[in-house]
Amino acid sequence: MTKNKKYFLLIICIAFFLRFFILSSFPPGLYSDETALGYNAYSLLKTGKDEFGKSWPLTFQSFGDYKPPLSSWAMIPFVAVFGLNEFSVRLPFAIAGVLSVILIYYLCLELFLKNKNKQIIALLSALFLAISPWHLNQTRSAMLVGLEVFFNVLGVFLFLKGLKKRNLLFLSAVSFSLAVYAYYGSRITAPLTILALVIIYRKKFFSNLNNIWFFLLGFIVLVPLLIAIVKDPLTILGRAKYMSIFRDENVQGQLWEASTLDRPDFPPALSRFFHNKPFYYFKDITRRWLHHFEWSFLFAKGGSVAPFQIPNMGLFYLLDFIFLIAGIFYLIKEKSKGFLFILFWFLLAPFVSALTFMTPASNRNFNMIFPACMIIAFGLTVFIAKVKTNKKNWIAAIFLTYLLLFIFYLYQYYYVVSHKIPDQRHFGRKQLVQELVLLQDNYSKVILTNKGGPTYIFLLFYQQYDPEKYWQTMKIDPFINDLGWGHIFGFADYKIPREFYWDKIEKKENILYVSYEEEVSDAWQEPVNGRQMKVNIIKKVLYPNGKTAYKIFDLRLYEK
Amino acid sequence: MLSKKKCLVALLFLFISPWFIQLLVSGFEWWWVKPLVFNLNNIWENLIINTSVDYLFFQGDPRVQFGTQETGPFYIYQIPLILIGFYALFDNFNLRKKILLGWLITAVLFASCFSSPDFSFDLFYFIPLQIISFLGLLKIIDIWRKGKLLIKGILSAYALLAVYEMIIFFHIIIVHYPKRLLMM
């Protein structure tokens with residue numbers, strides 16, 4: 001085995017270990033999206049229908065966010081083998097994460113084809129991806145983008161290979177299509193990526209007309225989705241409708257303010273010349289797109305949206321900043337097709353996220369990770385090549401710095417997350433359901449808070465609730481809020497009000513209640529028929545830092 | 001040394017800059033009487049604010065006396081100029097360019113040692129950033145001269161967008177800004 005192959009094998013082992021090490025326990029707590037995807041996989045496995053009783057849908061209604069289906073489909077075989085639990089839910093994404101590390105290596109060899117250091121760049125790219133905080137955060141969770149990015153990158157790799165071996169163009173198209181089934185954003189990202197590939201490699205691609213036919217044939221996989229979109233537009237609009245900047249009132253507000261500041265005698269046409277939707281939306285999209293390239297987002301603070309945040313650090317290591325800048329500088333100097341594509345890919349990645357009003361978003365921008373790792377690896381390789389004196393000392397210093405930064409990341413991920421922001425990962429819900437299962441038979445009903453995320457899905461998941469039984473008693477709230485979120489009022493003996501206002505909640509002795517610490521005071525009491533009704537705490541579910549996640553209590557009548 | 005033509009272009013580029021016009025309109029705050037920030041955490045946060053895209057290109061100083069509230073101290077079209085300017089800066093990285101980069105970094109760090117954002121402090125790094133933007137402009141003009149029809153077409157569209165943005169800025173500073181100052 002050559003030295004490079006040995007290093008590559010070592011990197012794969014590192015990637016495997018970092019993604020599979022206590023996968024069930026970290027991130028602490030299964031997030032609501034993970035739980036929903038898992039339960040839908042379970043429901044499909046048992047009944048061939050999703051949680052709402054729809055037969056093999058091409059979009060899962062879920063919480064009103066209409067999740068694309070591929071993630072749940074991918075979980076089905078693992079749920080069948082390992083049962084419905086954290087491990088089976090996260091396993092396909094961890095596997096995709098390890099395969100991504102292998103993929104980036106071979107992709108680098110294609111893109112840096114004529115570079116004499118391509119082996120080193122490929123190995124470094126694989127290593128940077130293997131230890132990337134951003135990639136680890138996403139692939140250790142069952143997040144839609146984990147599979148989407150894998151299939152997008154596979155599509156790119158197969159396209160490049162397909163320019164030499166035509167059959168692979170068909171598989172490239174299939175791969176891009178699967179990315180579309182994996183995440184909403186790919187419906188824009190995949191076509192733009194394909195367009196870039198076709199333009200940059202147009203000479204080879206159009207050298208033979210059969211290339212076009214082989215490629216187009218692969219998109220036959222999208223036909224079921226297209227039919228589903230025609231039957232139900234929510235298949236494509238679902239989540240996008242509520243997240244889009246075109247629905248948000250920010251730009252409308254700016255236009256209105258600007259128009260009112262114009263003089264009263266201003267001709268409307270002139271006012272429209274200065275203050276118009278195309279320019280203001282262009283400004284807004286540009287601003288949001290640029291948010292994803294801010295050094296504070298990439299290297300210092302990271303995303304603030306739960307559950308993608310890693311406290312006290314950015315999406316990349318601090319040292320990556322220097323090599324990313326160096327990499328971009330030298331990529332521009334090289335002026336080859338592969339480098340042009342990498343740069344374009346890097347710039348294109350945040351475009352989908354820029355069309356939403358919550359920016360910067362580390363999940364919607366996840367396509368950036370592959371070109372970024374390649375650019376950083378390239379920057380580091382060129383930097384080392386240009387160092388003339390004390391090369392070994394420089395390499396040692398860089399290695400040590402990365403090692404320290406990596407140890408810092410491990411501390412943030414394995415300790416700080418579970419102690420400082422466990423609520424962002426929905427920690428406590430499993431423990432809550434385990435307690436409820438022991439207590440609930442003694443009560444006529446259970447009233448639970450919905451604060452912090454949909455509670456019903458955890459009740460279904462952790463009890464492996466029979467979907468057919470669930471359909472008989474589920475109560476769906478017809479009201480959809482401004483962000484597109486639906487709600488389940490409850491099922492069986494569970495009641496989950498949309499807002500848990502304690503003064504409006506039904507109060508009886510034989511009801512079990514679940515609330516957040518601050519929603520109901522432990523000292524609450526109320527006179528009832530000459531006696532005092534008081535809160536009786538049965539159990540408190542605690543976070544790893546000792547703070548209360550949930551309290552389980554009932555109401556007891558006492559003599560005054 | 002720059003030729004007379006380039007000097008004239010540099011001056012024109014300066015005179016139409018939002019931050020320069022804002023300086024003429026607002027005047028200057030006596031920054032040395034303002035308190036220093038000693039807490040490293042606060043300096044770090046200030047550094048993030050001072051280098052943020054929102055502050056530099058979209059929002060500016062939140063105090064009406066020092067910002068239009070609708071634009072940043074730099075135009076949006078200057079973003080590619082600044083990026084190309086940085087490329088030109090690192091290409092053939094001679095002593096003058098090292099001094100320019102050092103000036104920029106020192107000025108940003110200096111501004112971050114005071115409560116941010118603050119237009120008066122930030123002027124110290126607006127100047128080197130304006131120079132870098134001008135380096136980018138020179139590069140763009142060079143690309144225009146040597147470029148094929150497609151490149152010239154793209155740059156023409158870019159120039160039109162730049163002119164449009166400048167017209168909007170002057171509309172804001174002449175029509176909107178006095179009203180905002182009166183409403184203060």
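Below, each value reflects all heavy atoms present in this structure, side chains not excepted, and no hydrogens, waters or symmetry copies. Every chain is numbered from 1, with letters handed out A, B, ... down the list of sequences.
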(request) Taking all heavy atoms of A/Leu261 and all of B/Lys179, pick out the closest pair and write down the distance. (result) O-NZ, 3.1 Å
(request) Under 4.5 Å heavy-atom distance to chain A, tell me which part of B/Ile48 shows up: side chain, backbone, both or neither. (result) both
(request) Tell me, for B/Leu161 versus chain A, whether the close heavy atoms (under 4.5 Å) come from the side chain, the backbone, both or neither. (result) side chain
(request) Pick whichever of B/Ile167, B/Asp91, B/Ile172 has the most heavy-atom pairs under 4.5 Å with chain A. (result) B/Asp91
(message) Students often mix this up, so state it plainly: with edges at 30° and 60°, are the rings of B/Tyr164 and A/Phe273 parallel, tilted or perpendicular?
(response) perpendicular
(request) State plainly whether the residues B/Glu70 and A/Lys283 are in salt-bridge range, i.e. N to O under 4.0 Å. (result) no
(message) Test of understanding: with ring pair (Phe, Tyr, Trp, His ring centres under 6.0 Å), list the residues that count as partners of A/His275, not counting sequence neighbours.
(response) B/His171, B/His176
(request) Give, as side chain, backbone, both or neither, the part of B/Gln69 having an atom under 4.5 angstrom from any heavy atom of chain A. (result) neither
(request) For side-chain contact (heavy atoms from CB on, under 4.5 Å), just list the numbers for B/Phe58 and A/Leu290, CA-CA rounded to whole Å, side-chain angles, deciding distance to a tenth of an Å, and then say yes or no. (result) CA-CA 11 Å; B/Phe58 297 95; A/Leu290 287 169; 4.2 Å; yes
(request) Against chain B, label A/Tyr280 side chain, backbone, both or neither, depending on which of its atoms sit under 4.5 Å from a heavy atom there. (result) side chain
(request) Of all the heavy-atom pairs spanning A/Phe274 and B/Ile168, show the shortest one and how long it is. (result) O-CD1, 3.1 Å
(message) Quick check on the structure: residues of residues 140-156 of chain B within a heavy-atom distance below 4.5 Å of chain A, by number.
(response) none
(message) Under the rule for salt bridge (charged side-chain N to carboxylate O under 4.0 Å, His left out), what residues qualify as partners of A/Arg272, not counting sequence neighbours?
(response) none
(request) Please name all residues satisfying side-chain hydrogen bond (donor to acceptor under 3.5 Å, both in side chains) with B/Glu165, sequence neighbours left out, ordered by chain then number. (result) none
